[in-house]
Amino acid sequence: MGEVVAVGPGRPLESGKPHPVDVKVGDRIVFAAFSGSAIEVEGETYLEVPEDEVLALSAE
């Protein structure tokens, strides 16, 4: 489980327009143990999780 701290524009559709993203900054999400990729930004480690690897939004 983690908290969304940033959201990209969404993956491009065939038309070239971005697909709307279903999560927003501040949402708590559930994802599988080996989802995403760890990235480091200014000494902080974050997990970059593609939208298709988000299993659920959490109520907590």
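- Contact record, P9 with P18: O-CB, 3.2 Å, taken as the closest heavy-atom pair.
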Side-chain atoms of residues 37-45: list all donor-acceptor pairs with protein atoms under 3.5 Å, sequence neighbours left out, distances to 0.1 Å.
none

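- Both V23 and V25 sit in one connected hydrophobic cluster of ILVMFWY residues. Membership requires side-chain heavy atoms under 4.5 Å apart, directly or through other members.
- Nearest heavy-atom pair, V30 versus S58, reported as atom, atom and distance to 0.1 Å: CG2-CB, 4.2 Å.
- Taking hydrophobic clusters as Ile, Leu, Val, Met, Phe, Trp and Tyr residues chained together by side-chain heavy-atom distances below 4.5 Å, V7 shares a cluster with I29.
- Note: L57 CG to R28 CZ = 11.5 Å, rounded to the nearest 0.5 Å.
- Shown here are the side-chain hydrogen bond (donor to acceptor under 3.5 Å, both in side chains) partners of K17, two or more places apart in sequence or in another chain: there are none.
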Can you give each donor-acceptor pair under 3.5 Å made by side-chain atoms of residues 46-55, sequence neighbours left out, with the distance rounded to 0.1 Å?
residue, atom, partner, partner atom, Å
E51, OE2, D22, N, 2.9
E53, OE1, G36, N, 2.8

